[in-house]
Amino acid sequence: MEKDPCYILGIESSCDDTAAAVLCNNEVLSSCIANQEIHRQYGGVVPELASRAHQANIVPVVHQALYIANIDKKQLSAIAYTQGPGLLGSLLVGSAFAKSLALSLKIPLIAVNHMQGHLLCHFIKNKEKKVPEFPFLGVTLSGGHTQLVLAESHLKMSILGNTLDDAIGEAFDKCGKIMGLGYPAGPAIDKLSKKGNPNAFKLPIPKVPGLNMSFSGIKTAFRNLVHNNISKNADFVEENLEDLCASLQMTLVAIVMAKIELATEQVNIKRIAIGGGVAANSEIRTVLKSKALENQWEVFLPKLEFTTDNAAMIGIVGYYKYKSKEFGSLNHTVSARLPF
Ligand code: KG4
Ligand code: ZN
C-alpha cells in the first residue's frame, strides 16, 4: 500500500561517489555525497579502490542523509538504488546495502537506471524552475556516457544516439591528463577556457552518420598536437594552457551541439533537457541558451548540484517508480551496461 507523502531513500554508488539522499515525494530533504579523493593520484577511477571506499562510506553517508532530513529510517516508504550502468564492484556495494536495509525494514526496493536519474533530476521540486513537458529530447553528458534520448514519460525513455567510443566527460578528462591537469579535469578545463582563445588550435570534428557521436579521435588529435609542439618547445602546454583548453572545449561542445540540432529536426521536438556531469559546463550552457533563442527551443539546464553524480536523482526516479508501483526484487542483479 503506497503512502502519501512517501519518503524515499536514494542510494548512488555507480562510480566513485558514494551518495545518499532522502526525498519526501519529489522534494529533496537531504543530499549527501562522499567523494573519493583516493583516485586523484592515479589520474582516473581505480575500480577496486572505488568498491572499498564505497564500503567504508556507505553507512556514514546514509546516516548523515537521514540525520539531515530529520527522519528515522522506520519512516522510509521505499529504498531506491542504482542498479546500473556503472562499475560492477561499486554497484554491488550500493545494491547489497539497499537490499539488506529494505529487507530489514520490510519496505519496497526500487532499482534505478543511473542515466534515467541524470535526466529526471529536472523533476526535483524547485519553485524557481519549470519542469520539461513530455516528450522532450534528453541529452546525457557524463564521464561514462553520451546519449541522445527520447523521453516520452518519466519512465519511458529510448536512446536515439550514442557515443561509439569515449564519452564526452572522458574526452575532457583524458585531454586534461595530457595537459597535466588533475582528475577529473572537466571543471578545470571549463575554468581555464574562460581566458583562452577557442580558435587558437584547430581540432577535427569527426564525421559520424546519424545521431551517434565519437570523441576518441579528438583525444588522439589533441595528444598529437601537444606532443608535436612539446618536441619543439618544452613549455608549450604551460605557455598555451588557456588556449588549449578553450579550443578543446569549443570542439567538444560543437560535436554535441551538431547532434542536438540534427535530433531536434529528426524527431521534431524543440524541448531539450541536459543532464550528467558535463551539463555543468559553462560553454555548453551558454551555447544552448543562445541556440534556444535562435531556434525557438525550450532548453532545461539542471541545477549544478544535480549535474554530477548524486543520490537525489536516484531518489526522484524512485519516487516515480514508487507511484507506478514498479518495485524491484532481491533477485535483481546489478548491471554494468544496463539498458533503459
Ligand atoms: O555524471 P558524472 O558525475 O559521472 C558519470 O556518471 O560519469 O560526470 C563526471 C564527468 C567527468 O568527466 C567530469 O570531468 C565532468 O563530468 N565534468 C565537467 C564539468 N564538471 C564535471 N566537464 C566539463 N565541464 C565541467 N564544468
Ligand atoms: Zn553519472
Side-chain angles (χ1 to χ4, degrees), residues 10-19 21 31 33-36 39-40 43-45 47 50 54 81-87 90-91 94 112-122 138-147 149 162-163 166-179 181-194 196 198 215-216 218-219 245-257 274-288 301-314 316-317 336-338 340:
I11 293 176
E12 155 60 30
S13 72
S14 66
C15 191
D16 59 339
D17 295 304
T18 321
S31 178
I33 304 177
N35 301 115
Q36 301 181 359
H39 306 289
R40 278 187 194 274
V45 178
H54 283 306
Y81 72 97
T82 305
Q83 188 187 14
L87 300 170
S90 293
L91 291 165
V112 171
N113 184 304
H114 179 89
M115 301 315 293
Q116 208 162 13
H118 273 309
L119 289 180
L120 288 196
C121 74
H122 289 279
V139 188
T140 49
L141 306 165
S142 76
H145 296 83
T146 306
Q147 295 172 332
V149 175
N162 228 325
T163 176
D166 291 350
I168 186 168
E170 213 174 337
F172 270 103
D173 296 339
K174 287 181 175 168
C175 294
K177 196 172 177 181
I178 294 167
M179 292 184 281
L181 301 175
Y183 174 84
I189 292 173
D190 190 350
K191 202 166 160 205
L192 287 159
S193 295
K194 291 193 198 311
F215 294 95
S216 70
I218 293 281
K219 180 191 62 194
C245 288
S247 304
L248 171 69
Q249 179 175 272
M250 186 193 69
T251 312
L252 293 175
V253 170
I255 295 173
V256 176
M257 285 310 305
I274 61 167
V278 184
N281 183 264
S282 57
E283 173 74 4
I284 195 141
R285 294 171 89 96
T286 307
V287 174
L288 270 170
L301 306 174
K303 247 181 118 176
L304 288 181
E305 65 179 297
F306 300 134
T307 54
T308 42
D309 290 349
N310 64 87
M313 70 184 204
I314 305 304
I316 191 75
V317 182
R337 295 179 178 273
L338 188 72
F340 270 138

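Given the structure is predicted, the values throughout are model-derived calculations rather than measurements. Each ligand, and each atom within it, is numbered from 1 in the order the structure gives.
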Are side-chain N/O atoms of Ser14 and His114 paired as donor and acceptor at under 3.5 Å? yes
Would you say the Zn ion (ligand 2) has Cys15 as a near neighbour, meaning an N/O/S atom of that residue under 2.8 Å away? no
With heavy-atom distances below 4.0 Å as the criterion, list the atoms of ligand 1 near Gly186. 14 (O), 18 (C), 19 (C), 22 (N), 23 (C), 24 (N), 25 (C)
Could you tell me, atom by atom, which parts of ligand 1 come under 4.0 Å of a heavy atom of Gly277? 1 (O), 2 (P), 8 (O), 16 (O), 17 (N), 18 (C), 19 (C), 20 (N), 21 (C)
Identify, by name, the N, O or S atom of Asp309 lying closest to the Zn ion (ligand 2). OD1
Applying side chain to side chain contact (heavy atoms under 4.5 Å, CB included), run through His54 and Leu87 and close with a yes or a no. CA-CA 12 Å; His54 283 306; Leu87 300 170; over 6 Å; no
Show the numbers, then the answer: is there a side chain to side chain contact (heavy atoms under 4.5 Å, CB included) between Leu120 and Phe306? CA-CA 10 Å; Leu120 288 196; Phe306 300 134; over 6 Å; no
For ligand 1, find out whether one of its N or O atoms is nearer than 3.5 Å to an N or O atom of Glu170. no
Mark up the atoms of ligand 1 that fall under 4.0 Å of a heavy atom belonging to Pro184, in ascending order. 13 (C), 14 (O)
Hey, are the side chains of Ile274 and Leu301 touching, using non-hydrogen atoms and a 4.5 Å cut-off? yes
Just which atoms of ligand 1 are under 4.0 Å from any heavy atom in His118? 1 (O), 6 (O)
Do Gln249 and Phe172 come within less than 4.5 Å of each other through their side chains, counting heavy atoms only? yes
With a 4.5 Å limit on heavy-atom distance, are the side chains of Met115 and Phe340 in contact? yes
To the nearest 0.1 Å, how far is atom 2 (P) of ligand 1 from its closest protein heavy atom, and which atom is that? Asp309 OD1, 3.3 Å
Ignoring hydrogens and geometry beyond distance, is a side-chain donor-acceptor pair present between His118 and Asp309 at under 3.5 Å? yes
Ligand 1 to Gly144 polar contact by distance, N or O atoms, under 3.5 Å: yes
Give the numbers and elements of all ligand 1 atoms closer than 4.0 Å to a heavy atom of Asp190. 24 (N), 25 (C), 26 (N)
Taking 2.8 Å as the cut-off, does His145 contribute an N, O or S atom near the Zn ion (ligand 2), distance below it? no
Heavy-atom contacts with Thr308 under 4.0 Å: which atoms of ligand 1 show up? List them by number with element. 3 (O), 21 (C)
Need the ligand 1 atom indices (1-based, order shown) with element for anything under 4.0 Å from a heavy-atom of Gly169. 12 (O)
Under 4.0 Å from a heavy atom of His114: which atoms of ligand 1 are those, numbered in the order shown and with their elements? 6 (O)
Nearest 0.5 angstrom please: Glu283 CD to Leu252 CG, how far? 10.5 Å
Does any N/O atom on Asn281 come nearer than 3.5 Å to any N/O atom on ligand 1? yes
Closest to atom 7 (O) of ligand 1 among protein heavy atoms sits Gly143 N, 2.8 Å
